[in-house]
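First listed ligand is number 1; within each ligand, the first listed atom is number 1.
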Amino acid sequence: MPIKVLSDDLASRIAAGEVIERPASVVKELVENSLDAGSTRIDVHILGGGAQSITVVDNGSGIPAAELAVAFERFATSKIDESSDLIAIGTLGFRGEALPSISSVARVEAISKSDDSEAGARILVDFGKQTPIEPAGAPQGTRIEVAGLFTNVPARLKFLGSAGRELSRIQSNLASLALVYPHVAISLSADGRERLRTIGSGKLVDAVSGVYGPKVAEQMLELDSDDSAAFSADGIVSYPSLNRSNRTYMTISVNGRWIQSRRLSYAIEQAYHGFLPERRFPFAVIRIQTPLDDVDANVHPAKAEVRFLREDLVYSVVQRAVRGVLSTSAPVHELGAGRAAGSIGLLRTPGNSGNGEFAVTVADSRNTEFTQWPDQSSLAEQTRLPGAAGDQSQPGQSATGTPKETLPVLRVIGQAHETYILAEGPDGVYLVDQHAAHERVMFERVKQRFDQNETESQPLLEPASVDLGPGAMAAVQEHLDDLNRVGWGVEEFGTNSLIVRSVPGPLSTRASGDGAGQVFIRVLDELSEGGTGETWRDRMLATIACHSSVRAGQVLSIDESKDLIRQLEQTERPNTCPHGRPTIVQLNVNDLEREFKRR
Ligand code: ADP
Ligand code: MG
């Protein structure tokens with residue numbers, strides 16, 4: 001065949017194949033248009049899994065009668081123009097492909113009334129053929145009905161699943177949009193039955209309730225977010241006790257756009273590591289904010305995937321945000337939780353139970369026995385942690401109102417595998433990872449000194465020289481103030497080398513001579529992930545804490561073990577190390593009894 005340019009009609013149908021794969025893609029495109037039009041309510045009605053008809057009604061800005069026909073032309077859009085930057089796009093649509101694509105493979109009726117016109121207008125586009133526009137009475141907004149999808153493309157029709165299957169895809173798409181847009185009231189009904197309805201209050205927990213039901217909504221935790229950071233993640237995630245066997249309950253948005261990202265789903269899963277049994281997944285809605293020009297939304301036909309300039313950074317922001325809320329709210333890990341799928345899998349510590357009965361318990365681990373909870377008043381002195389002073393009236397609550405972590409009363413029994421401190425507590429047997437525990441202790445100590453500008457610096461007898469790559473050198477220059485403040489004395493020496501003259505006090509025993517340079521390189525390596533400000537600083541402090549902590553494989557005497565436990569008890573977050581891994585796991589006494597068939 002000779003080369004020739006395809007007819008518009010054929011070109012549209014080919015293009016439609018990319019954008020409109022199945023009924024769920026029609027729903028997504030239409031609802032995204034409604035969202036772009038500033039709607040506060042969007043109702044979707046489905047018949048026969050969407051193959052029969054899909055109707056989307058919104059109360060948005062509407063389409064003026066004069067533009068109704070052109071809206072169905074290919075590449076017709078009101079959202080960008082020649083002057084637009086194709087990277088930093090704030091609307092969901094921008095390619096002007098949805099309406100022409102849909103109407104080339106279905107019969108579409110659109111009725112719309114825009115804010116500034118008196119009356120509405122109606123247009124019918126029958127498999128690509130437009131009929132003239134006529135006036136129509138209509139409320140403010142747009143109603144689009146799509147019927148007979150793919151009846152002119154039998155090959156496509158063959159690939160559709162059953163009506164039930166297509167409907168569940170629609171529902172899952174719409175659920176994600178409803179979760180990402182909690183301020184819009186969104187509903188879905190199928191063959192007359194309501195499947196989902198959100199109230200549009202703007203609260204994530206209400207959206208979760210509308211999508212997954214009130215029972216699920218009760219078991220969600222809100223993430224703390226730092227809106228001031230250039231990269232941030234907020235949202236809501238389920239308590240580990242609430243989980244599912246597939247990943248479809250994790251919803252992610254970037255700058256208001258719902259996206260699918262295996263990598264970021266994995267970041268969420270990683271954050272739950274140790275909290276959930278194998279092959280179980282949480283409910284989560286994660287809203288990521290990045291600078292607009294850090295994300296390219298124009299890489300996927302249905303815009304379902306985006307490309308990040310700094311994906312590693314986004315990954316760690318997400319993981320840290322989720323991990324943070326889990327480790328504050330769902331503390332000690334119970335051993336064996338991994339075995340029983342769907343079990344609670346966690347010990348709620350006394351501090352979290354809310355009734356205050358157990359209060360803040362700090363054990364005197366020198367006691368060889370405990371028969372009852374220690375008397376609170378006699379312990380009041382010891383429990384006053386810096387920063388949480390005077391908060392005794394609210395046991396288990398920190399000053400900010402978030403639950404404060406506590407350790408159970410522990411009696412040290414010994415050390416196992418030169419790695420774990422073995423202890424007995426009221427509800428079972430506990431294992432403390434000596435390195436993780438010491439890291440936590442050192443981290444809080446180093447951080448406190450850092451925050452109060454009281455860090456120590458240990459001069460080296462023999463300064464060490466270090467060769468760095470250009471990336472690491474740039475990092476040193478960028479963060480020189482923080483590095484100095486924490487006690488590193490470094491000087492540039494040629495383009496890519498440094499002289500280390502002093503090291504942070506806690507590192508002095510490890511980092512003498514050549515060791516100093518090695519530790520410095522390790523610190524930079526671990527920090528090379530990027531990030532700025534607070535997160536970079538915390539990571540630097542965590543790395544220093546790590547390198548100044550007791551290692552696995554180191555023998556600890558009973559007294560040293562007790563000492564470490566006592567120090568751990570004094571920390572703000574005794575249940576996790578600064579990297580978010582657990583410091584302590586529990587073997588529940590009930591499980592022991594069950595295993596030994598005592599009951
Ligand atoms: P895009 O969304 O990429 O601009 P579409 O083909 O989806 O392209 O829509 C074409 C144009 O029609 C939009 O730019 C918008 O101006 C208008 N439009 C479509 N749906 C609606 C709606 N529900 N409310 C208001 N305007 C709409
Ligand atoms: Mg669109």
Under 4.0 Å to a heavy atom of [X] - the qualifying atoms of ligand 1, by number:
X	answer
Pro100	6 (O)
Ala98	6 (O), 7 (O)
Ala71	10 (C), 12 (O)
Gly62	25 (C)

Out of Ile63, Thr77, Asn33, who is nearest to atom 27 (C) of ligand 1 when you count heavy atoms only? Ile63
Quick test of your reading of the structure: of Asp58, Leu99, Ile42, whose heavy atom lies closest to atom 23 (N) of ligand 1? Asp58
At a threshold of 2.8 Å, where the distance has to be below it, does the Mg ion (ligand 2) have an N, O or S atom of Asn33 nearby? yes
Any heavy atom of Ser112 under 4.0 Å from ligand 1? The part involved is neither
Taking non-hydrogen atoms only, is Ala37 closer than 4.0 angstrom to ligand 1 via side chain, backbone, both or neither? side chain
Tyr315, OH: over 12 other non-hydrogen atoms inside 6.0 angstrom: yes
Between Arg257 and Glu32 (salt bridge meaning N to carboxylate O under 4.0 Å), is one present in this structure? no
Salt-bridged, Glu145 to Arg143, with N to O below 4.0 Å? yes
Assess, by modelled atom type and distance only, whether the side chains of [X] and [Y] contain a donor and an acceptor separated by less than 3.5 Å.
X	Y	answer
Ser172	Arg169	no
Thr198	Asp206	no
Asn243	Ser238	no
Asp43	Ser187	yes

With the threshold set at under 4.0 angstrom, would you say Ser101 reaches ligand 1 through any of its heavy atoms? no
